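Report on the structure given below.
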Amino acid sequence: MTEPDVPHRHPLESPLLERHRAVLPSWMALYYDEPIEIVRASGRRVTDGDGRTYLDFFAGILTNAIGYDVAEISDAVRSQLDTGVLHTSTLYLIRKQVELAERIAELSGIPDAKVFFTNSGTEANETALMLATQYRRSNQILTLRNSYHGRAFGTVGITGNRGWSASSLSPVKVGYVHGGYRYRGPFAGLDDAGYIDACTEDLRDVLRTSTSGDVAAFIAEPIQGVGGFSTPPDGMLGAFKEVLDEHGILLISDEVQTGWGRTGEHFWGIDAHGVTPDVMTFAKGLGNGLAIGGVVARGDIMDCLGANSISTFGGNPVATAGAQATLDYVLDHDLQGNAAKQGATLMAGLRDIQSRHDLVGDVRGKGLMIGIELVRPGGDEPDPAAAGRVLEETKARGLLIGKGGLYGNVLRLAPPMTLTSEEVTEALGILGESIAAV
Ligand SMILES: Cc1ncc(COP(=O)(O)O)c(C=O)c1O
């Protein structure tokens, strides 16, 4: 048999998807049966390589916090580029880094706070782990089940989600506490107070049974992002902090998704729990797409390292210029207030959709961070296939949304915080039609 006559194609002439698959890792998932390339964007809308425009309700995984093509940010970045200085290293003073650190230290509410800038949320959490374990001279960390804190060894170790745990190797000894995923699990049916009591007692039990007593820190996302926007009752982490304080254990709030006013009611997600953490980590929305993350911590904790430590790129002049402009925009335009307002309308509309469709088991979240958990009608069995189909249906109607949760069955809505009322109406219409079509 002769080989079919296949014309030889230079790799650069192949479709981008084929080239992507050939040279990029298989574990870096792409959305959609036919993945898209976003080539232009403005406001809350993005355009793909085929010229189709979509309303973007996932915003680069909550990272394009105030949308696309924002003149104030482009101008700030451009004026830094015009100085000719893209990078200096932290061996030299970086004015914009100092200014940004001053602002974040003040916004954090943490007394005598200091800030260290990184390039990502993973590095921010790795730094928090380094600080807490050195400060407390302990390698023990507690975290919530269903958590996600990043992709490096320390942060994968404290991630409580099988789907994101690529390795069991960990530099820290980890204990997992209940309280992350309320819709399922042993305490699912309890009311707020009962749930808080049960989870707080579980924390005490984990401390008694699974640790050597001298735990360094407890880390939590105030709303679990990758975990499907699972939202604990307000005050739960405050109740936890009372227990942590009895043992001198530090509280780290991972604000990578919940920071900068996205939850609407508060500037930081942890504020819903009535406590000030010892350490907070942040990334994603701060640079509106520029690579910047960091840690803000009490000065004595930040200064506890007994060796040099730098991040070569962390907080460089370009990233901090963009981050300052983003922060100005968030505060000057009261985007937290807008997140509360638009989020309330969105939530009400989604609850209405839920009342009409058995497929929707739970609608939860705060502000512009809303999860829709899909289940097999008639019960609460997770339906990840339906979530995949809803993503295709919304895409076909011009709306991009996200997906997540322990079972991959939770739709995630997290549009830019500049969202308008008209866009809320448009998205609700598309979501209603898409869920009905599945
Ligand atoms: C809560 C949380 N922490 C940490 C990270 C890790 O951030 P990065 O992907 O920037 O390393 C993420 C990323 O999704 C996150 O959602």
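What you see is a predicted model; the values in this text were computed from it and never measured. Atoms within a ligand are numbered from 1 in the order they appear, just like the ligands themselves.
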query = Is it the side chain, the backbone, both or neither of His149 that has a heavy atom closer than 4.0 Å to ligand 1?
reply = backbone

task = Test Glu393 against Arg397 for salt bridge (Lys or Arg N to Asp or Glu O under 4.0 Å), laying out the working first.
result = CA-CA 6 Å; Glu393 294 287 344; Arg397 292 171 173 79; 2.7 Å; yes

query = Has Gly225 got any heavy atom lying under 4.0 angstrom from an atom of ligand 1?
reply = no

inquiry  = At less than 4.0 angstrom from any non-hydrogen atom of Ser120, what atoms of ligand 1 do you find?
reply    = 10 (O), 11 (O)

ask   = Any N or O on Thr122 sitting closer than 3.5 Å to an N or O of ligand 1?
value = yes

message = If we only consider heavy atoms of Asn125, is any one of them less than 4.0 Å away from an atom in ligand 1?
response = yes

ask   = Taking side chain as C-beta onward, heavy atoms only, is Lys395 less than 4.5 Å from Ile36?
value = yes

inquiry  = Check the orientation of Tyr181 and Tyr407. Use parallel for under 30°, tilted for 30 to 60°, and perpendicular for over 60°.
reply    = tilted

query = Can you find an N or O of Gly121 that's nearer than 3.5 Å to an N or O of ligand 1?
reply = yes

ask   = Looking only at protein heavy atoms, which one is nearest to atom 12 (C) of ligand 1, and how far off is it?
value = Tyr148 CE2, 3.6 Å

query = How far is atom 3 (N) of ligand 1 from its nearest protein heavy atom, and which residue and atom is that?
reply = Asp254 OD2, 2.7 Å

ask   = Should Asp278 and Tyr135 be marked as a side chain to side chain donor-acceptor pair (under 3.5 Å) after you check the CA-CA gap, both sets of side-chain angles, and the distance that decides it?
value = CA-CA 12 Å; Asp278 302 289; Tyr135 185 82; over 6 Å; no

ask   = Between the main-chain N or O of Ile66 and the side-chain N or O of Asn288, is there a donor-acceptor pair closer than 3.5 Å?
value = yes

request  = For the pair Tyr195 and Phe187, name the ring-plane relationship: parallel under 30°, tilted 30 to 60°, perpendicular over 60°.
outcome  = perpendicular

message = Does any part of the side chain of Phe240, heavy atoms only, come nearer than 4.5 Å to the side chain of Cys199, both counted from C-beta?
response = yes

Per-atom contacts, ligand 1 versus Glu221 - under 4.0 Å to a heavy atom = 1 (C)

query = Using a heavy-atom cut-off of under 4.0 Å, does the side chain or the backbone of Lys284 touch ligand 1, or both, or neither?
reply = side chain

request  = Heavy atoms only: give me the nearest Val172-Gly154 pair and the separation to one decimal.
outcome  = CG2-O, 4.5 Å

message = Considering non-hydrogen atoms of the protein only, which is the closest contact for atom 16 (O) of ligand 1, and what is the distance?
response = Gln257 NE2, 2.7 Å

